[in-house]
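Naming convention: chains lettered A, B, ... in sequence-line order (proteins, then strands); numbering from 1 in each chain. All values reported here derive from a predicted model rather than from experimental measurement.
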Number of protein chains: 2
Amino acid sequence: MKYRSIAVLLTAALTGGICLAQTAAVEDFKKTPTTQQEKEYPQVNSERKVRVSIPAPEAQRVQLDIGGVKYDLKKDEKGVWTGESAPQDEGFHYYQLNIDGASVPDPGSLYYYGASRWGSGIEIPAKDQEFYAVKNVPHGQLRETQYYSNTSKSVRRVYIYTPPGYDKDSKKYPVLYLQHGMGENETGWGNQGHAGFIMDNLIAEGKAVPFIIVMENSSINMSGMPRGPRPAGAPRPGAGQPNAAPSAPSNGPRMAGPGGGMNFAAEFEKILCNDLIPFVESNFRVVGDQAHRAMAGLSMGGMQTHSIVVANPDKFAYVGMFSSGTFEPSEIKDIESFKKNTKVVFMSFGGREGGAARIGAAADAWTKAGIKGVSYVSPETAHEWQSWRRSLHEFAPLLFK
Amino acid sequence: MKYRSIAVLLTAALTGGICLAQTAAVEDFKKTPTTQQEKEYPQVNSERKVRVSIPAPEAQRVQLDIGGVKYDLKKDEKGVWTGESAPQDEGFHYYQLNIDGASVPDPGSLYYYGASRWGSGIEIPAKDQEFYAVKNVPHGQLRETQYYSNTSKSVRRVYIYTPPGYDKDSKKYPVLYLQHGMGENETGWGNQGHAGFIMDNLIAEGKAVPFIIVMENSSINMSGMPRGPRPAGAPRPGAGQPNAAPSAPSNGPRMAGPGGGMNFAAEFEKILCNDLIPFVESNFRVVGDQAHRAMAGLSMGGMQTHSIVVANPDKFAYVGMFSSGTFEPSEIKDIESFKKNTKVVFMSFGGREGGAARIGAAADAWTKAGIKGVSYVSPETAHEWQSWRRSLHEFAPLLFK
């Protein structure tokens with residue numbers, strides 16, 4: 001009876017996001033790549049627990065809020081509050097601190113845009129982190145520039161990855177249009193996604209052909225240019241995902257309801273087709289035909305990819321949907337024509353996501369229909385950046401070959 | 001006697017950075033360009049007062065910490081704390097919140113690197129803000145890339161501004177090496193400095209010739225690549241400047257003592273001359289001679305420029321020192337040779353800085369020595385970004401003509 005009560009309490013704690021007392025942690029905590037260089041915390045240990053520490057001598061309660069759970073910190077005699085989370089999945093997660101009821105960024109972390117806000121992020125070192133590590137290989141460039149969109153009647157910011165060698169040769173390159181998720185922006189793939197380093201490493205290993213990546217903001221803001229400096233964060237559309245956003249951010253995410261992806265897609269489709277693709281094709285050395293154009297996205301960005309490809313079956317030869325549901329051949333009206341010009345349909349999910357079970361059959365359906373269908377499931381990750389980094393790493397080698 | 005006591009108290013409050021009660025503010029507060037798009041605060045009014053607001057229902061005391069002064073906020077019945085600062089100078093300032101003794105970023109602001117930390121920044125709209133506004137003109141690119149430094153034995157990050165047209169023509173461009181100040185990094189000029197927009201606008205108006213700008217990190221970290229995503233902040237070496245850093249940041253700046261600029265210069269000089277200039281000259285279309293090379297910097301970056309030019313009088317034809325002291329012809333050993341190849345020595349200060357009074361005479365001394373000496377004083381600004389944005393705006397039109 002005693003044990004059963006504990007189990008019930010524990011279940012309530014895990015599902016309800018209430019305060020958890022932690023068992024003693026292994027004392028091998030280290031700073032992570034997302035800790036500010038001049039700061040000592042946050043840290044992560046070999047159990048993948050996150051430890052934060054902040055001086056707050058007059059505070060009554062300080063909590064670490066990560067993965068939908070709030071963990072109480074403890075105050076020492078100097079007024080410094082310290083404490084740990086339960087083990088987190090490998091990869092990148094959002095979090096925040098709560099000081100006497102105020103939800104604030106951790107002053108020790110780097111900041112990323114996600115969950116519709118700039119805030120703290122933490123990197124839990126992953127077994128496979130080498131594929132996005134910064135190595136002494138030829139590096140491409142991540143270029144921030146602006147263009148005028150006649151659709152939005154505003155100057156808009158876009159990030160463009162050009163591969164190593166782009167500035168030295170005179171050839172034309174294929175292009176991948178790569179979208180972020182809901183609550184994110186055009187900085188996500190470059191910052192927490194490490195898209196540039198993933199491509200630099202794949203190209204250095206001869207596993208991917210060099211191509212350009214275009215990253216724009218598909219959370220349409222018709223009032224003007226997306227503002228502010230770089231870094232960014234991950235999307236949190238997957239309510240109930242165990243490693244998703246901090247719980248109940250008080251100034252938190254404002255997400256569109258179900259179907260938001262589709263509405264966004266219609267708006268973004270105009271900007272993409274009428275303004276962005278023409279801008280890229282007249283300002284960069286690219287081959288401007290279907291065979292040399294790909295589109296992919298994560299979560300909402302994959303749903304946008306999905307609906308834009310269905311509406312424009314003659315625009316993209318490669319389609320990638322990361323944690324974005326399934327795409328079936330039956331959705332294409334003229335499959336014979338689509339087959340001639342479309343080369344790959346790629347679908348992925350994190351292994352902890354519900355959709356993971358369905359994409360294998362959908363990929364098989366594509367292959368049977370005469371277009372290469374590929375599915376990928378990221379081991380032991382949820383609706384989060386490690387799934388999407390791995391998805392790009394799997395998708396990129398399939399392109400433009 | 002009563003009034004005298006109040007005056008003494010007020011003086012103590014203004015100079016000692018203690019809590020200030022504010023007089024009623026004009027109620028025309030608006031969000032600023034440095035407020036997160038999804039957030040309502042921080043705001044600024046026509047008196048240039050900063051208003052912040054944060055829910056912190058359980059807190060005992062919440063303060064706004066800006067310009068070396070802490071302002072008490074007031075709690076409403078919903079537990080939301082709100083309050084204003086005294087009027088701030090036009091331009092960009094760092095600030096933070098203090099919640100029951102914890103110094104944290106404002107969750108409503110964008111974040112910048114300065115004072116040796118990523119944290120909150122606020123833009124006070126300036127009368128002359130048009131010169132760095134995002135306009136519908138041809139835009140250059142701000143490129144983030146990596147290169148291997150044999151000096152630091154590490155892969156280092158560098159930002160490179162290429163002017164509009166660089167990708168379309170095949171001509172070679174001159175280059176400005178532009179350094180940040182102490183406690184800042186390579187993201188400062190692109191983010192809070194708006195170097196790219198200043199150049200885009202000057203070029204569109206025909207006031208500056210197009211050139212490349214290279215921005216690296218001269219706060220040398222030999223242990224590896226400067227990490228983390230973009231944005232950045234301003235340097236706070238000028239202790240006692242009224243609009244400098246937030247007061248006493250608890251995880252705050254670690255600045256080198258006097259002379260730090262010189263030590264940093266010697267280390268950075270090796271990286272610049274042996275690794276960075278060769279990287280730029282072999283990877284970008286630049287004219288690799290003295291006549292087409294300029295160096296400038298703000299505060300510590302200007303001191304580094306100063307000492308690097310004295311040590312390498314054959315490297316740069318244009319020299320810019322923004323809030324960085326004075327440079328005299330007597331410091332150059334072979335002035336006859338220097339005169340043949342050096343075109344401009346530019347020195348500037350904010351009008352509220354002590355050094356402003358001295359640069360006119362120093363500029364005259366250069367002109368008398370046969371090299372164009374130029375001085376510039378930014379009206380009503382201190383040791384801060386508005387001084388440096390204006391300095392770049394004055395310096396750039398003098399280059400490569």
Side-chain angles (χ1 to χ4, degrees), chain A residues 33-34 36-39 54-62 79 96-97 99-108 110-112 116-119 134-136 139-148 155 160 167-168 187 190-192 221 225-232 250-251 254 283-284, chain B residues 33-34 36-39 54-62 79 96-97 99-108 110-112 116-119 134-136 139-148 155 160 167-168 187 190-192 221 225-232 250-251 254 283-284:
Chain A
T34 53
Q36 292 189 35
Q37 215 157 2
E38 307 271 341
K39 305 291 178 70
I54 183 170
E58 301 158 31
Q60 303 304 303
R61 191 172 61 148
V62 181
Q96 60 190 3
L97 300 182
I99 300 171
D100 285 345
S103 293
V104 293
D106 182 345
L110 295 174
Y111 305 120
Y112 300 86
S116 300
R117 61 102 176 95
W118 290 93
V134 182
K135 299 179 184 174
N136 185 13
H139 287 279
Q141 298 173 1
L142 185 61
R143 305 181 181 194
E144 175 188 322
T145 191
Q146 288 76 28
Y147 72 104
Y148 183 77
V155 176
I160 297 180
D167 271 340
K168 292 199 165 175
T187 64
N191 285 328
Q192 57 268 53
N221 162 33
M225 175 189 158
R227 291 172 322 176
R230 296 239 317 329
S250 61
N251 288 313
R254 298 186 201 155
N283 286 280
F284 290 82
Chain B
T34 52
Q36 291 189 34
Q37 215 156 5
E38 309 270 340
K39 305 292 178 68
I54 183 168
E58 300 159 29
Q60 302 305 303
R61 191 171 62 146
V62 181
Q96 60 189 3
L97 300 182
I99 301 170
D100 285 345
S103 293
V104 294
D106 182 345
L110 296 174
Y111 305 120
Y112 300 85
S116 300
R117 62 97 176 97
W118 289 93
V134 182
K135 299 179 183 173
N136 185 14
H139 287 279
Q141 297 173 1
L142 185 60
R143 306 181 180 193
E144 175 187 322
T145 192
Q146 288 76 29
Y147 72 103
Y148 184 77
V155 177
I160 297 181
D167 271 341
K168 292 200 166 176
T187 65
N191 285 329
Q192 56 269 53
N221 160 33
M225 177 187 156
R227 291 172 324 176
R230 299 257 285 346
S250 61
N251 288 313
R254 298 187 202 154
N283 286 279
F284 290 82

| Closest non-hydrogen atom pair, A:I99 against B:A102 | CD1-CB, 3.7 Å
| remark: Across all chains, not counting sequence neighbours, the ring pair (Phe, Tyr, Trp, His ring centres under 6.0 Å) partners of A:Y148 are none
| task | Any chance you could measure B:D100, atom CG, to A:D100, atom CG, to the nearest 0.5 Å? | result | 4.5 Å
| remark: ring pair (Phe, Tyr, Trp, His ring centres under 6.0 Å) filter on B:F284, not counting sequence neighbours, yields none
| query | Say you draw a straight line from OG1 of B:T145 to CD of A:Q141; how long is it, rounded to the nearest 0.5 Å? | reply | 5.0 Å
| query | So which heavy atom on A:Y111 is nearest to which on B:G119, and how close? | reply | CE1-N, 4.4 Å
| task | Tell me, with the steps shown, if A:E58 and B:Q60 meet side chain to side chain contact (heavy atoms under 4.5 Å, CB included). | result | CA-CA 8 Å; A:E58 301 158 31; B:Q60 302 305 303; 5.9 Å; no
| request: Check A:S103 against B:P107 and note the closest heavy-atom contact, atom names and distance. | output: O-CG, 3.6 Å
| note | Per-residue tally against chain A (heavy atom, under 4.5 Å) across B:L97, B:D106, B:D167 peaks at B:D167
| field | A:K168 vs B:N283, side chain to side chain contact (heavy atoms under 4.5 Å, CB included): CA-CA, chis, key distance, verdict | value | CA-CA 7 Å; A:K168 292 199 165 175; B:N283 286 279; 3.5 Å; yes
| message | How long is the straight-line distance from CZ of B:R117 back to NZ of A:K39, given to the nearest 0.5 Å? | response | 7.5 Å
| said: Rounded at 0.5 Å granularity, tell me how far CD in A:Q146 sits from NZ in B:K135. | reply: 14.0 Å
